[in-house]
S.K.: 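One structure is given below, represented as structure tokens, and several questions about it will come after.
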Amino acid sequence: MGEINYVRGDATVPSVKGVKVIAHVCNDIGGWGKGFVLALSRRWPEPEKAYRAWHRDRAANDFGLGAVQLVQVERQVWVANMIGQRGIRTGSKGVPVRYDAIDTALTHLAERAAELDASVHMPRIGCGLAGGKWSRVEPLITERLVGRGIAVSVYDYGD
């Protein structure tokens, strides 16, 4: 079994050949405006537009914890909006991250990435504004994606 490839750089600019899926975690309340999504929106308007429409029409679709929406932004680049956090604030129920939802979303992502024959690229999902711990997220990525033979690169931005 392979392992996660750690890269210093920008996850919105994966420098590998072939089909690529850029995965990130979204909240379940329709909020888009802080964290990694800002970098996505600077490059492409489609992921935010699709996420907002998905949330707006949630009574008639699968929007909710664990769901994944794939949005094509270039010929060989897709963005995976994964619902993996409950709300946006740390409160009485703890941090917003929901590890079980990330696990479910990664399972769905693995199926789609395999269909597309794509590599997966991401920041340390669930560990920024969602408040998660990488020590809990990394094994999920290893099991759900790397364990299925999908190449995964995790990006650390900045110095």
Side-chain angles (χ1 to χ4, degrees), residues 1-28 31-51 66-90 94-159:
M1 186 165 81
E3 55 187 42
I4 296 170
N5 177 37
Y6 288 92
V7 180
R8 186 153 307 285
D10 183 348
T12 68
V13 192
S15 60
V16 297
K17 293 195 184 316
V19 180
K20 298 163 271 299
V21 176
I22 299 169
H24 70 110
V25 166
C26 301
N27 62 63
D28 67 347
W32 181 291
K34 287 188 172 172
F36 183 70
V37 298
L38 295 177
L40 286 173
S41 290
R42 275 194 294 275
R43 282 189 57 91
W44 307 286
E46 297 92 347
E48 177 179 359
K49 251 192 242 164
Y51 169 79
V68 179
Q69 177 190 52
L70 249 69
V71 182
Q72 190 167 14
V73 293
E74 291 179 14
R75 192 170 67 76
Q76 293 200 310
V77 181
W78 298 75
V79 171
N81 293 332
M82 304 188 303
I83 310 301
Q85 70 179 76
R86 165 86 66 206
I88 56 173
R89 302 236 186 301
T90 297
V95 294
V97 71
R98 293 295 178 264
Y99 298 109
D100 55 340
I102 290 175
D103 189 35
T104 300
L106 288 170
T107 301
H108 295 310
L109 176 60
E111 292 165 13
R112 293 301 309 276
E115 288 167 12
L116 294 166
D117 193 25
S119 55
V120 175
H121 306 266
M122 63 182 75
R124 292 185 186 239
I125 58 169
C127 297
L129 296 171
K133 294 187 178 351
W134 188 245
S135 61
R136 299 264 316 265
V137 176
E138 184 184 45
L140 301 177
I141 294 166
T142 299
E143 185 176 339
R144 300 291 175 221
L145 297 173
V146 178
R148 283 197 60 179
I150 296 164
V152 176
S153 294
V154 172
Y155 293 73
D156 289 311
Y157 190 75
D159 298 330

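Hydrogens, waters and symmetry mates play no part in the numbers below; they use all other heavy atoms, side chains included. Keep in mind that this is a model prediction, so the values were computed, not measured.
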S.K.: Looking at A130 and V95, what are the two nearest heavy atoms and their distance?
M.R.: O-CB, 3.5 Å
S.K.: When you compare the side chain of V25 with that of I125, does any pair of heavy atoms fall below 4.5 Å?
M.R.: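 In contact.
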S.K.: Check the pair E143 / L106 against side-chain contact (heavy atoms from CB on, under 4.5 Å), numbers first and verdict last.
M.R.: CA-CA 9 Å; E143 185 176 339; L106 288 170; over 6 Å; no
S.K.: Kindly compute the distance separating CZ (F36) from CE (M122), expressed to the nearest 0.5 Å.
M.R.: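 It comes to 10.0 Å.
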S.K.: Who passes salt bridge (charged side-chain N to carboxylate O under 4.0 Å, His left out) against E111, sequence neighbours left out?
M.R.: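 Salt bridge (charged side-chain N to carboxylate O under 4.0 Å, His left out) list for E111, sorted by chain: empty.
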S.K.: Does L38 have any side chain to side chain contact (heavy atoms under 4.5 Å, CB included) partners at least two apart in sequence or in another chain, and if so, which?
M.R.: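 Partners of L38 under the side chain to side chain contact (heavy atoms under 4.5 Å, CB included) test: R42.
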S.K.: For V71 and A50, which heavy atoms make the closest approach, and how far apart are they?
M.R.: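 It is CG2-CB, 3.6 Å.
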S.K.: Under the side chain to side chain contact (heavy atoms under 4.5 Å, CB included) test, which residues partner D100, sequence neighbours left out?
M.R.: R98
S.K.: Give me the atom names and distance for the closest heavy-atom approach of A105 to A67.
M.R.: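 Scanning both residues completely, I find the closest heavy atoms to be CB-O, 4.3 Å.
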S.K.: Could you tell me which residues satisfy side chain to side chain contact (heavy atoms under 4.5 Å, CB included) with A110, sequence neighbours excluded, listed by chain and number?
M.R.: L145, R148, I150
S.K.: Using the side-chain hydrogen bond (donor to acceptor under 3.5 Å, both in side chains) criterion, which residues pair with R89? Sequence neighbours excluded.
M.R.: none
S.K.: Are E46 and K49 close enough for a salt bridge, meaning some N to O gap below 4.0 Å?
M.R.: no
S.K.: Is it true that a side-chain atom of K20 and a backbone atom of G18 form a donor plus acceptor pair closer than 3.5 Å?
M.R.: yes
S.K.: Do you know which two heavy atoms are closest between G126 and I102, and how far apart they sit?
M.R.: CA-CD1, 4.2 Å
S.K.: Run the salt bridge (charged side-chain N to carboxylate O under 4.0 Å, His left out) test against D10 and tell me which residues pass, sequence neighbours left out.
M.R.: none
S.K.: Taking only residues two or more places apart in sequence, or in another chain, which ones meet E138 in a side-chain hydrogen bond (donor to acceptor under 3.5 Å, both in side chains)?
M.R.: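 So E138 forms a side-chain hydrogen bond (donor to acceptor under 3.5 Å, both in side chains) with Y6.
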S.K.: Distance from I88 atom CD1 to C26 atom SG, nearest 0.5 Å?
M.R.: 13.0 Å
S.K.: Can you name the residues that form a salt bridge (charged side-chain N to carboxylate O under 4.0 Å, His left out) with R144, not counting sequence neighbours?
M.R.: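 Residues passing salt bridge (charged side-chain N to carboxylate O under 4.0 Å, His left out) with R144: D103.
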S.K.: With ring pair (Phe, Tyr, Trp, His ring centres under 6.0 Å) as the rule and sequence neighbours excluded, what pairs involving residues 127-150 come up?
M.R.: none
S.K.: Give the C-alpha distance, both sets of side-chain angles, the deciding distance and a yes or no for side-chain contact (heavy atoms from CB on, under 4.5 Å) between L70 and L116.
M.R.: CA-CA 11 Å; L70 249 69; L116 294 166; 3.7 Å; yes
S.K.: Just jot down the side-chain hydrogen bond (donor to acceptor under 3.5 Å, both in side chains) partners of T104, sequence neighbours excluded, or say none.
M.R.: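 Scan of T104 (side-chain hydrogen bond (donor to acceptor under 3.5 Å, both in side chains), adjacent residues dropped) gives none.
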S.K.: What closest approach, in Å, do G131 and V97 show between heavy atoms, and which atom pair accounts for it?
M.R.: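 So the two residues come closest at C-CG1, 4.3 Å.
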S.K.: Please step through salt bridge (Lys or Arg N to Asp or Glu O under 4.0 Å) for the pair R86 and D28, ending with a clear verdict.
M.R.: CA-CA 6 Å; R86 165 86 66 206; D28 67 347; 2.7 Å; yes
S.K.: Are the side chains of Y51 and L40 in touch, meaning some heavy atoms are under 4.5 Å apart?
M.R.: no
S.K.: Please tabulate, for the side chains in residues 75-83, all donor-acceptor contacts under 3.5 angstrom to protein atoms that are two or more places apart in sequence or on a different chain.
M.R.:
from, atom 1, to, atom 2, distance (Å)
N81, OD1, H24, NE2, 2.6
N81, ND2, P47, O, 3.3
N81, ND2, Q69, OE1, 2.9

S.K.: Between V154 and P123, is any pair of side-chain heavy atoms under 4.5 Å apart?
M.R.: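 Counting from C-beta outward, V154 and P123 never come under 4.5 Å.
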S.K.: Return the minimal non-hydrogen interatomic distance between V146 and I4, and the atom names on each side.
M.R.: CG2-CG1, 3.9 Å
S.K.: For the side chain of Q85 and the backbone of G87, is there at least one donor-acceptor N/O pair under 3.5 Å apart?
M.R.: yes
S.K.: Go through the structure and list residues passing side chain to side chain contact (heavy atoms under 4.5 Å, CB included) with K133, not counting sequence neighbours.
M.R.: Y99, S135, R136
S.K.: Going by heavy atoms in the side chains, are V137 and C127 under 4.5 Å from each other?
M.R.: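 The answer is yes; the side chains approach within 4.5 Å.
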